[in-house]
Every structure is written in structure tokens, then in C-alpha cells.
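See below for the structure under consideration.
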Amino acid sequence: MIRGLGFISHEDHSIYNFPSLKEPPMEPSTNLDSPSLDPVTEAPRSPPPQQGPDPKKPKMSSTTTTTSDDEAAAAATRKPRYKRRKVAIFFAYCGVGYQGMQKNPGAKTIEGDLEEALFLSGAVPEADRGNPKRYDWARSARTDKGVSAVGQVVSGRFYIDPPGLVERLNSNLAPQIRIFGYKRATASFNSKKFCDRRRYVYLVPVFALDPSSHRDRESVVASLGSGNELVKCLECSERGRKVVGVMGKRNFELRGCVSEVNGCGEVTVDSNDAKVGSGITSNDCCAVTGIEVKEGIVDSLSNGIDDKSNSDVIDKVDTSSVVDTVVSAAAAPADLDTGSVVKLDGEIAETIVNGEEKPVKGSGFCSGEEEKERFNRILGYYVGSHNFHNFTTRTKAEDPSARRYILSFTANDVVIVEGIEFVKCEVVGQSFMLHQIRKMMGLVVAIMRNCAPETLITNALQKDININVPTAPEVGLYLDECFFTSYNNKWKDSHEELSMKAYEKEAEDFKMKYIYSHIAMTEHKEGVVALWLHSLNYRNYPDLRAGDKQELTENKCSE
């Protein structure tokens, strides 16, 4: 680079940043302790002022009145947070007035009322109202229209806090639905899937097993015009149609006397001596005594004889016949808590009258031990694994669900409720189909009344035979208990047992007050079973007369 000619190298940029090169460069001071000098005043340069951290804002005092009031108000409006728990709820209900247990749109059901009560009681949130799948809803058993239950169980994830859920539920339910309590269960518990067995009870009146009581329609019609008319069935009808020649005006008066009691236990009236204003002979208790019967239903259970005559008849008539006790429906209050249990072998058992136990003498159950053994033998045909396609509706024989397993079916006790004797039939099975138990009882009653042979029941359980089986009324059926044996054995060390043991007293009181009294009063007022017995004839059920496969096949071919 030649400085004299004024040329500057492109790489030398110091001329733009430093003084002329003619000035000697300043040597750096070697004294580290001396302060730096200001280039203008040559005075010692003062270090720049150091800025400290920003001062923190003073905290608000937590003892101020305004903040305390706000927090108190917020705490008052804040709802406590509860956790859902999987529980099993034990309850009972009387099925009268309900279209069964399972929820059905447009129908009044037990499940529908229970779901609404769970919401009103705080067990189900608003978001899950009407949507049971959101809280894992399950039921142990489904009951038909009019069928009751004592040991029904449902499960789900509910808010069980704060305490008092049972009381809140009962306050939002009708008196005929009572919650006994609930028990904690595992998270995977399902009351339907984990139910091993179900026990049902059917109360059938003793007179229904007597072949001479409430004869079929053909027998009543055949007796008309004869000297010994079956006038006991004055108010009975079959399938809504009145018995020709027997039905007439309800206001009547009988002036005559009872001529005799036939060997079948039916009271007969001499048609020549007995005259009724409407031209109807009757053996009704009110008619026999000359009392005018007002508009209403005549007690079809009455024999038209007083208590003294009853005792004489029992000594004269064969023990195979059942002499019904005259009981007035108006004389028995609806809320009477009365019931008794009589052993079928005639032993003395206890009678419960308004909570007090009193001894009662056994009725002997028709002809005694022989009839008892026959009844249990017929019920025993159902025990085991069979195809029950003839004992339900809408299920074909080829459907695997038609095969069910029955553990036991027995009838060992007689229950006396408001003057009527009922045979207590207990059936235990894994599961049951629609109308299955009622059809099972219907066929057994037909056999006991000699309307069908015993061989018919074995044919009805076969897959390749179709039989029209009678269906007993629903009023006498109720679910007694659901069992969770496998679940209890598996979780017995960590969870409480799921059973009705803790609620036995409450269940028995509910059963006697609502279920048993309803069954008896319904029979008193409406005579449901008595009317049904008139339909057990060969015109309605032609298959009842067949005893083997060949006859059944011929009947089907002729149809």
C-alpha cells in the first residue's frame, strides 16, 4: 500500500473508525486500581449507578373484612363433591297397577318409578336422568304385569352420600314400593349377570286343586235344567262370556233351602222348591239365608253353609274335597296383617295375626298325604334341564334360550290369608322366560283337577311337540329372592355378602301387608282363580285330553 499517493486498500477500514495514524496510539493503563479518566475533563470517571430490583407490591392482608366475607359466601355456595359408588339395591314391590318391572315407554312400570326416585333423591345427576346406561343400570329379574317381588335387586353407580339415601328413596316412591337397603359391590358387579339363581313363589288356592270345585263351563251348562244344578258358579264366567241359563239379574232373592251337599263338595238346590225372582237358582250364602244381594260381585268362594254345617260336612264328605270357608270380603279390612303357615301333613304351625303368633290347626290339604305326594310328584317333572318352548310365548323350540334349568319345585306349606287357604309353591331356577312359571302352574293345576293326564307334562317338555298350555293368573306369583352365591364366595374377604339376610324382618312384614293381602282380597272381590278354572276345558285347550304323542299329532293334523 502506498500512502503518499493516497491510495487506500479495500481491506483497511480503520480510517473510518479511528483517529489519524499520525497520532500515537494510547497505551493502556497498567494500573488496575486507578479509576478511568474522562477524556474531556480528564477527571476520574464515576461508575454508572446500579439499578436495584423492582420493589414488590405489598400483599393484601388476609384479615380484611371484604375478603373474609367473599370467601365465606363462596364456601356457602360451593356444593360438596361426592364420588359415585357401585352398589346393589334390595327392594320389594306389589305389582298391582304396574305393567311389569322392566321400563317400557308409555307404560307405568316399577323400573320407571325407581329411576325417577333415584334422580329426585340425588343418586343420579341431571345429565344422566332418563339414561340408565350412563350409570351401569342392571336388574336381577324381570317380572310380568301384576307380578310382585320381595327380594328384587338392581345395581348401578350412584351417589350414596350424604347419608340417608334409603329414606330419601322411600319418600319419593309409592308405599307399594319399599327400599330395604343397599350394599357396596365391586366395580364390575352386574346384578343380572352375577345372579346365580332366582326363587319364585306361587300361591294357588287350595280349592283350585279340587276337581269338584268351580267346574268347567261344559259341566255347568250340562247341569242346567236338572235337579242338581251346579249353581255355585252363579257369578262365574269364561273368557268374558256369561254361562248360558245361569246368568241373570244381580238383584235376586232365593226362597228355599239347601237340599243336600253332594259328594263333590258342591251345594245343590232343589229346583222345584227354590224360586228366585229372576228365575235363577243359587247356593250363594246371602241368597240361601234370604238376604237380597245388591249390585256387586257374589263371593264365588262361598258354599252357602254356616260354620256349624261346615263342621258336619267335613266329617261326612270325602277328604279329597275342599269345603271353602265363608268369608265376607267387606268384613276383612284391606290393611289387615294376617297370615298363617300350615304344614301339608296337618301339623300345627304358627298363625300371624297383627304381628302376634297364634296356633292354628292344619286343614289336611285335600285328602292328606296322598294328595301332597301327588302334587309334589307332578311338580318334580319340571326339575332338571328341559326345553320349555311350550311354556312361554314367542320362543321357538329351536331357540337355545328355550332350554332352562330348574333346581327345585316343591309345595310343602299352606298359607292361610284372610280366610283363604293357599298352597305355597316354591320354584328355584337359574332363569325364567315370559309366562313360564304361570304356564307351569297352569298345567299342574289341570292335571290335579283330572283335566289332563300326567303323561302330558312329559310330552310338553319335548322339543318336537307343540302344546297349548293353560296360563295361571298372575296375581299369585311373586319373586321371593335372588341369589349371588358365586360372587359372595369370590369376594367374601373384601366385600359384604349380597343377600336378604339383613332384611328378612322387613321383607316378611311387607309381604304380609301388601302382597299376601292383595292376593287374598283380589280373590275375594274378583274371584280371579275361580273364573280361570272355568276355562280349563277341552274346548279351549283340546290338547289337555291327549295322553301321548300320537294323540297330539292327530289333534294337530285335524286342526
Side-chain angles (χ1 to χ4, degrees), residues 75-94 98 101-103 109-143 149-196 198 479 481-510 514:
T77 57
R78 188 183 304 117
K79 294 183 179 180
R81 298 178 62 89
Y82 299 117
K83 188 177 181 180
R84 294 193 190 188
R85 309 290 184 183
K86 176 63 73 71
V87 297
I89 300 177
F90 293 79
F91 67 104
Y93 55 85
C94 181
Y98 286 89
M101 168 68 186
Q102 188 175 7
K103 188 176 180 180
T109 62
I110 300 293
E111 195 170 276
D113 285 8
L114 184 57
E115 287 184 8
E116 186 66 15
L118 287 168
F119 165 73
L120 297 176
S121 303
V124 175
E126 175 70 29
D128 295 347
R129 185 180 186 181
N131 191 2
K133 293 183 179 180
R134 297 283 297 273
Y135 45 86
D136 296 340
W137 175 268
R139 74 192 72 82
S140 293
R142 294 181 297 179
T143 54
V150 178
Q152 178 68 284
V153 182
V154 296
S155 62
R157 295 170 54 249
F158 306 112
Y159 292 110
I160 60 178
D161 296 317
L165 176 61
V166 175
E167 290 75 14
R168 294 194 300 272
L169 285 172
N170 286 327
S171 64
N172 292 302
L173 289 169
Q176 67 186 85
I177 306 177
R178 289 292 89 183
I179 306 295
F180 297 142
Y182 62 86
K183 295 185 178 182
R184 292 280 303 275
T186 60
S188 61
F189 177 77
N190 184 294
S191 59
K192 179 182 179 181
K193 297 179 181 179
F194 285 76
C195 185
D196 303 313
R198 297 162 179 86
L479 172 65
E481 188 174 356
C482 298
F483 299 92
F484 305 90
T485 306
S486 300
Y487 172 87
N488 291 330
N489 292 336
K490 182 178 181 179
W491 301 100
K492 59 183 178 181
D493 297 332
S494 58
H495 289 75
E496 54 187 337
E497 181 183 17
L498 299 183
S499 67
M500 288 289 295
K501 292 181 180 179
Y503 315 115
E504 288 180 350
K505 180 63 170 59
E506 299 176 62
E508 189 67 22
D509 294 342
F510 181 90
Y514 290 96

Partner residues of Ala149 under the side chain to side chain contact (heavy atoms under 4.5 Å, CB included) criterion, sequence neighbours left out
Tyr93, Gln152, Leu479

Evaluate the salt bridge (Lys or Arg N to Asp or Glu O under 4.0 Å) criterion for residues Arg84 and Asp136: first the C-alpha distance (whole Å), next the side-chain angles of each, then the deciding distance (0.1 Å), finally the verdict.
CA-CA 11 Å; Arg84 294 193 190 188; Asp136 296 340; over 6 Å; no

For Arg134 and Pro125, indicate whether the former's side chain and the latter's backbone hold a donor-acceptor pair under 3.5 Å.
no

Say whether, by atom type as modelled, one donor and one acceptor occur between the side chain of Ser191 and the main chain of Ala138 under 3.5 angstrom.
yes

Identify, with sequence neighbours excluded, every residue that meets side-chain hydrogen bond (donor to acceptor under 3.5 Å, both in side chains) alongside Glu115.
Lys103

Is it the case that over 12 heavy atoms from other parts of the model lie below 6.0 angstrom from the NZ atom of Lys192?
no

Determine, using ring centers only, whether Phe189 and Phe484 are less than 6.0 Å apart.
yes

Which class fits the ring pair Tyr487 and Phe194: parallel under 30°, tilted 30 to 60°, perpendicular over 60°?
perpendicular

Only one of Leu114, Leu118, Leu120, Asp113 forms a side chain to side chain contact (heavy atoms under 4.5 Å, CB included) with Asn172, so which one is it?
Leu120

Phe180: what forms a ring pair (Phe, Tyr, Trp, His ring centres under 6.0 Å) with it, not counting sequence neighbours?
none

Sequence neighbours excluded, every pair satisfying salt bridge (charged side-chain N to carboxylate O under 4.0 Å, His left out) that has a member inside residues 161-186:
none

If the condition is side-chain hydrogen bond (donor to acceptor under 3.5 Å, both in side chains), which residues does Glu111 pass it with, not counting sequence neighbours?
Trp137, Arg139

For Ile160 and Val87: C-alpha separation, side-chain torsions, deciding distance, then whether side-chain contact (heavy atoms from CB on, under 4.5 Å) applies.
CA-CA 9 Å; Ile160 60 178; Val87 297; 3.9 Å; yes

For Tyr503 and Phe90, run ring-ring contact (aromatic ring centres under 6.0 Å, His included): C-alpha distance rounded to whole Å, both residues' side-chain angles, the deciding distance at 0.1 Å, then the answer.
CA-CA 9 Å; Tyr503 315 115; Phe90 293 79; 5.6 Å; yes

For the pair Gln102 (side chain) and Arg142 (backbone), establish whether a donor and an acceptor sit closer than 3.5 Å, ignoring hydrogens and angles.
no

Sidechain-backbone polar pair: Asp196 side chain, Ser486 backbone, donor-acceptor under 3.5 Å
yes

Contacts of type ring pair (Phe, Tyr, Trp, His ring centres under 6.0 Å), residue Tyr514, not counting sequence neighbours:
Phe510

Counting N and O atoms only, with roles assigned by atom type, does the side chain of Asn488 sit under 3.5 Å from a partner on the main chain of Glu497, one being a donor and the other an acceptor?
no

